[in-house]
Asker: 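Starting off with a structure, shown below.
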Protein chains: 2
Amino acid sequence: MSPSGIRISQLGEFGLIQRIKEAMPAPHADVVVGIGDDVAVLKTSGSKYLLATCDAQVENVHFVRGNITPYQLGRRIAAINLSDIAAMAGTPLWALVSLALPGELESVFVDALYEGMFEQLRLAGAAIVGGNLSRIDKDIVIDLCLLGNVVPENLLLRSGARVGDLILATGWLGDSKAGLELIQRPKLIVSDASRRQVEQKHLVPQPRLREGQQLGASHLVHAMVDISDGLLGDIGHICRASRVGAEIWVGKLPISPACKEVAQVVGEDASHWALTGGEDYELLFTISPETSTEIQRMMKEHTETCCHIVGKILDAKEGIQVCLDDGNSLPLPGGSAGWDHFRS
Amino acid sequence: MSPSGIRISQLGEFGLIQRIKEAMPAPHADVVVGIGDDVAVLKTSGSKYLLATCDAQVENVHFVRGNITPYQLGRRIAAINLSDIAAMAGTPLWALVSLALPGELESVFVDALYEGMFEQLRLAGAAIVGGNLSRIDKDIVIDLCLLGNVVPENLLLRSGARVGDLILATGWLGDSKAGLELIQRPKLIVSDASRRQVEQKHLVPQPRLREGQQLGASHLVHAMVDISDGLLGDIGHICRASRVGAEIWVGKLPISPACKEVAQVVGEDASHWALTGGEDYELLFTISPETSTEIQRMMKEHTETCCHIVGKILDAKEGIQVCLDDGNSLPLPGGSAGWDHFRS
């Protein structure tokens, strides 16, 4: 096949992003962080940096109409964008919503979708300020662009992780994937409480805004991302941006009893979901070992959120290792094992 | 049919926007202009207002893959967003691009699409700083969110038109619709020069950024929009926001010889295209009659763009009138005769 005949499904999402980055003109001086990160960081005429991010939900790719209510879908699209702002230690402010909708869609669907977005943004102190409506023949596309700001000193990026840092994550990992399993296979039998917990986590994740802001203001965190692609995929983002390696300690992964219950019923390994499931929208960050107790205590006190140590930053040449309980470790090819929009 | 069963194709784009506006929580104090306008105007920590807009191009709704090259499509999506910033007298700065692409799409399509966006944004002094890539089953969706800024004193809005104002437009009206006709019916016989002019105007419109900035800096303009929905649709936006009426003088419409040539071949009225064709992306603005000569001279001198007087602002109770050469006038029902994404 000629080079011109490469399909984007062969390149994959990250291959395509790399290609776009290489073709791009050099950024202006007012761009602190540009394309390739989840959030653009921009210098305005004011003292704070402007943050800008967008994320879409596409029907039959990210959601199936019968499996999520339009209200939940509205909350979800807002939540995943809010999570991106949280990962920069930022404050969300304004959203623009671009919808492509088939003409036969009922207006109550759109009403409930907006109600969900309004509510999730309101909880975060943000609001919809504009957008666009288009017709589309088939699949609904919801694209939300979220703007926020951050004090420059508090900004956290993917780069900045140092060899010897501990890697911490907020909350539970794997719940979202467990929720997706139950939604796709509704006849599986699990306890009501477990079902509620993991389905809710999948459908309407809670963006860790206060946690992100606390971590930024502490000035003790070296690098941060949110976990959208899966723990392994997202630690890969930190490792590439920081030019380091990492080991993840499987025995230390924070996995909820509900996730374990679902994994057992499905006959899968809950650790695998925690490592690669994605869409948990927890924060993943690195700090010096000597500050870990202080950070964990501060987070528990100010946000009631537990932060768990899940691994350690290594030298770049070590790559990314998954350390099993028995002492063995599995190196990862390429260091990226997360969700890829074109390959999955 | 029960109220819950209304389809969005019945409500129409503007009905749907109205419904969303009514359901929306009250905006924060930092929102100068919010939902319902083409561009949101936002107060940041700096001295300038932030401008934010988004506009999408959906395959088989806004474009057909064989009728536009991916490079032209990239320039077009950037141009229509730049035009929105131009209409506020703003300066474009940063773009976020959200793409939903079918996996079988060839990567050269994406390369050329970005090349077009890079080029059009570069010409305007702006750059892509982020975005998102998603898979979609069928139609390509390109959503571009553009950020810019404006000195508060120079900002121009839809509101502000005063009874007695003259209505002016930059450039030719109707060329874009003529171009669309030729693209859809390639066997029509017209001169090469006319074909090039109108097809180019349709495929890659020129955003009137310098013109918008000049008009804003003059402090003589009362209200402004860009002509995306058609002259009648867009003067309707000004009339509703300014609570005024308007008359449009058909005999004064700036129609190019090329547009007239195409209209004659098609057997249509070029004036009709100029009034309702849409997608010309010219600027439409209102000024006091005594400043019109000065504005026209200044624009010609600083931007080489002709501004034509196309009508007059009336009292709200007059509605929107189309005045024909024979002295008769046609009142418009509802005042909106432009492009509606869900009804067209």
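Chain A is the first sequence line, chain B the second, and so forth, proteins listed ahead of strands; every chain is numbered from 1. Quick caveat, the model's predicted, so the values are computed rather than measured.
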Asker: Chain A heavy atoms under 4.5 Å from B/Asp111: which part of the residue, side chain, backbone, both or neither?
Answerer: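 When you check distances to chain A, only side chain atoms of B/Asp111 fall under 4.5 Å.
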Asker: Looking at side-chain heavy atoms only, is the closest gap between B/Ser134 and A/His62 below 4.5 Å?
Answerer: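 In short, these two side chains touch, coming nearer than 4.5 Å.
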Asker: Are A/Ile128 and B/Ile35 packed together at the side-chain level, in the sense that at least one heavy-atom pair is separated by less than 4.5 angstrom?
Answerer: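 They are in side-chain contact.
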Asker: Within the structure provided, determine whether B/Phe14 and A/Leu133 are in side-chain contact (heavy-atom separation under 4.5 Å).
Answerer: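 No; the side chains remain at least 4.5 Å from each other.
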Asker: Report the C-alpha distance between B/Val110 and A/Leu16 in whole Å, list the side-chain angles of each, state the deciding distance to 0.1 Å, and finish with yes or no for side chain to side chain contact (heavy atoms under 4.5 Å, CB included).
Answerer: CA-CA 9 Å; B/Val110 186; A/Leu16 196 55; 4.1 Å; yes
Asker: Can you tell which part of B/Ala23 gets under 4.5 Å to a heavy atom of chain A, answering side chain, backbone, both or neither?
Answerer: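 Its backbone and side chain both get close to chain A.
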Asker: Examine whether an atom of B/Cys145 lies under 4.5 Å from a heavy atom of chain A, and if so say whether it belongs to the side chain, the backbone or both; otherwise answer neither.
Answerer: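 For B/Cys145, side-chain heavy atoms alone lie under 4.5 Å from chain A.
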Asker: How many angstroms lie between NZ in B/Lys138 and CD1 in A/Ile136, if you round to the nearest 0.5 Å?
Answerer: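 B/Lys138 NZ to A/Ile136 CD1: 7.5 Å, rounded to 0.5 Å.
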Asker: Using side-chain contact (heavy atoms from CB on, under 4.5 Å) as the criterion, point out the one residue from A/Asp143, A/Asn132, A/Leu144 that pairs with B/Cys54.
Answerer: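 Passing option: A/Asn132.
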Asker: Within this structure, what is the CZ-CG distance for the pair A/Arg7 and B/Leu101, rounded to the nearest 0.5 Å?
Answerer: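 These two atoms lie 14.0 Å from each other.
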Asker: Can you confirm whether A/Thr44 sits close enough to B/Asn149 that some side-chain heavy atom of one is under 4.5 Å from a side-chain heavy atom of the other?
Answerer: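 When only atoms from C-beta onward are counted, B/Asn149 and A/Thr44 do not touch, as no gap falls below 4.5 Å.
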Asker: Just give me the residue among A/Ala127, A/Ser98, A/Ala40 that pairs up with chain B most often, heavy atom to heavy atom, under 4.5 Å.
Answerer: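 Highest number of pairs under 4.5 Å: A/Ser98.
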Asker: Quick check on the interface: out of A/Ile20, A/Ile17, A/Leu93, who has the most heavy-atom pairs with chain B under 4.5 Å?
Answerer: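 Ranked by heavy-atom pairs under 4.5 Å with chain B, first place is A/Ile20.
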Asker: Select one option (side chain, backbone, both, neither) describing which atoms of A/Ala52 are under 4.5 Å from chain B's heavy atoms.
Answerer: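 Its backbone and side chain both get close to chain B.
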Asker: If we define contacts as heavy-atom pairs under 4.5 Å, which of A/Lys48, A/Gln57, A/Glu104 has the most with chain B?
Answerer: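 Highest number of pairs under 4.5 Å: A/Glu104.
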Asker: CZ of B/Phe109 to CD1 of A/Ile8: how many Å apart, nearest 0.5 Å?
Answerer: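 Atom-to-atom, B/Phe109:CZ and A/Ile8:CD1 are 9.5 Å apart.
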Asker: State the NE2-CH2 distance between A/His28 and B/Trp94, to the nearest 0.5 angstrom.
Answerer: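 Going from NE2 on A/His28 over to CH2 on B/Trp94, the span is 10.5 Å.
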Asker: With rounding to the nearest 0.5 angstrom, report the CG to CG distance, A/Leu50 to B/Leu147.
Answerer: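 Taking CG in A/Leu50 and CG in B/Leu147, the distance rounds to 6.5 Å.
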Asker: For B/Lys43, is it the side chain, the backbone, both or neither that has a heavy atom under 4.5 Å from a heavy atom of chain A?
Answerer: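 The backbone, not the side chain.
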